[in-house]
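No experiment lies behind these values; they were computed from the predicted model shown. Each chain gets a letter, A, B and so on, in the order its sequence line appears, and its residues count up from 1. Side chains included, hydrogens not; waters and symmetry mates left out as well; all remaining heavy atoms used.
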2 protein chains.
Amino acid sequence: MLSIFEVLSLPARREIIERLRDGPKSVGELADELGVGQPVMSKHLRVLRDSGFVTVRADAQRRWYELRPEPLREVAEWVEPYRWMWEGRLDRLGERLDAMRDEEENR
Amino acid sequence: MLSIFEVLSLPARREIIERLRDGPKSVGELADELGVGQPVMSKHLRVLRDSGFVTVRADAQRRWYELRPEPLREVAEWVEPYRWMWEGRLDRLGERLDAMRDEEENR
DNA sequence: ACAGTATATACATTCTAGAGTATGTTAGCT
DNA sequence: AGCTAACATACTCTAGAATGTATATACTGT
């Protein structure tokens, strides 16, 4: 089974994830939108399912694929410790909060 | 050249990035810490360099590799639109801000 | 029962990243 | 100048992922 970042390493799969932001979609819809064959799309979705990015709901012959938060949350959490590097505020966050509170009290 | 997520798809490379959080390190240090051969480490660092994750500073025979924020920031930005999925607050953020302002005015 | 639709999977093929080994290169030291 | 240390790169090999094609499965409607 592919790891989360391995799953995201393929542009086509990131694209699928982005398309699913608006809500569940069927295999055929996604295949059309991305311009790939149905078997290819089924396989991508299989990978996304195994790695927890999506869930499936059966509806007659159709399968509705829906996005799941967990893996995306893991990505967000992995990158979080580096945020201070581009938002140079972490070391000053405490004093900023203090200053805001003081301003409020002295109003 | 590998894309950002392709770079992160290899655990060894994520590990390198994490080790560089404390500050710059040399090739030898990193190779020892991760228990891999020097050529392997050099190649990982080459990939990380090409994709913008690190910069190098030469110091005699030593090369000090340092972390760069940009690619990590891109990861954070990519995942940002999905944050509402696990923090179910986005739809209520507006009214929360309003409530906070009201509380403040009625103090 | 039959035909058509929607999807999954098996199979064969291609391609490339990763690893190991050997070698090249540059700098410092005696 | 010769030797060693630190690192980069060229080369070869292998494993596995991605793709396309063909086929299997499941459900609907007539």
> What's the CD1-C1' distance between B/I16 and D/dC7, to the nearest Å?
Replying inline: 14 Å

> Which whole-number value in Å describes the distance from B/D59 CG to C/dT26 P?
Replying inline: 17 Å

>> Is the shortest side-chain heavy-atom distance between B/L8 and B/R13 below 4.5 Å?
In response: no

>> Could you check, using the six-membered ring where one of them is a Trp, whether A/Y82 and A/W86 have ring centers closer than 6.0 angstrom?
In response: no

>> Side chains of A/F5 and A/E74, heavy atoms from C-beta outward: is any pair under 4.5 Å?
In response: no

>> Using the rule side-chain contact (heavy atoms from CB on, under 4.5 Å), only one of A/L10, A/D50, A/L48, A/V7 pairs with A/L2; which is it?
In response: A/V7

Quick test: give all pairs of protein nitrogen or oxygen and nucleotides 23-27 of chain D nitrogen or oxygen below 3.5 Å, distance rounded to 0.1 Å.
| from | atom 1 | to | atom 2 | distance (Å) |
| --- | --- | --- | --- | --- |
| D/dC27 | O2 | A/Q61 | NE2 | 3.1 |

Restricting to nitrogen or oxygen on both sides, can you table the protein-nucleotides 14-18 of chain C pairs closer than 3.5 Å?
| from | atom 1 | to | atom 2 | distance (Å) |
| --- | --- | --- | --- | --- |
| C/dG18 | OP1 | B/R13 | NH2 | 2.8 |
| C/dG18 | OP2 | B/R13 | NH1 | 3.0 |

>> According to side chain to side chain contact (heavy atoms under 4.5 Å, CB included), who are the partners of A/P24, at least two apart in sequence or on a separate chain?
In response: A/W64, A/E66

> Could you give the NZ-to-P distance, from A/K25 to C/dA6, as a whole number of Å?
Replying inline: 17 Å

> Does any non-hydrogen side-chain atom of B/I16 lie less than 4.5 Å from one of B/L34?
Replying inline: yes

>> Before you tell me yes or no, could you show the steps for A/E18 and A/R14 under salt bridge (Lys or Arg N to Asp or Glu O under 4.0 Å), namely the whole-Å CA-CA distance, both residues' side-chain angles and the distance that decides it to 0.1 Å?
In response: CA-CA 6 Å; A/E18 292 169 18; A/R14 289 201 301 277; 5.3 Å; no

> B/V40 or B/R62: which one's nearest nucleotide on DNA chain D is closer to the 5' end?
Replying inline: B/R62

> How close or far is atom C1' of C/dG24 from atom NZ of B/K43, stated in whole angstroms?
Replying inline: 14 Å

>> Using OP1 and OP2 only, check whether a side-chain N or O of B/Y65 sits under 4.0 Å from D/dA8.
In response: yes

> Could you state the CZ-C1' distance from B/R46 to D/dC7, rounded to the nearest angstrom?
Replying inline: 13 Å

>> Does this structure show an ion pair linking B/R83 with B/E87, if we count only N-O contacts that are shorter than 4.0 Å?
In response: yes

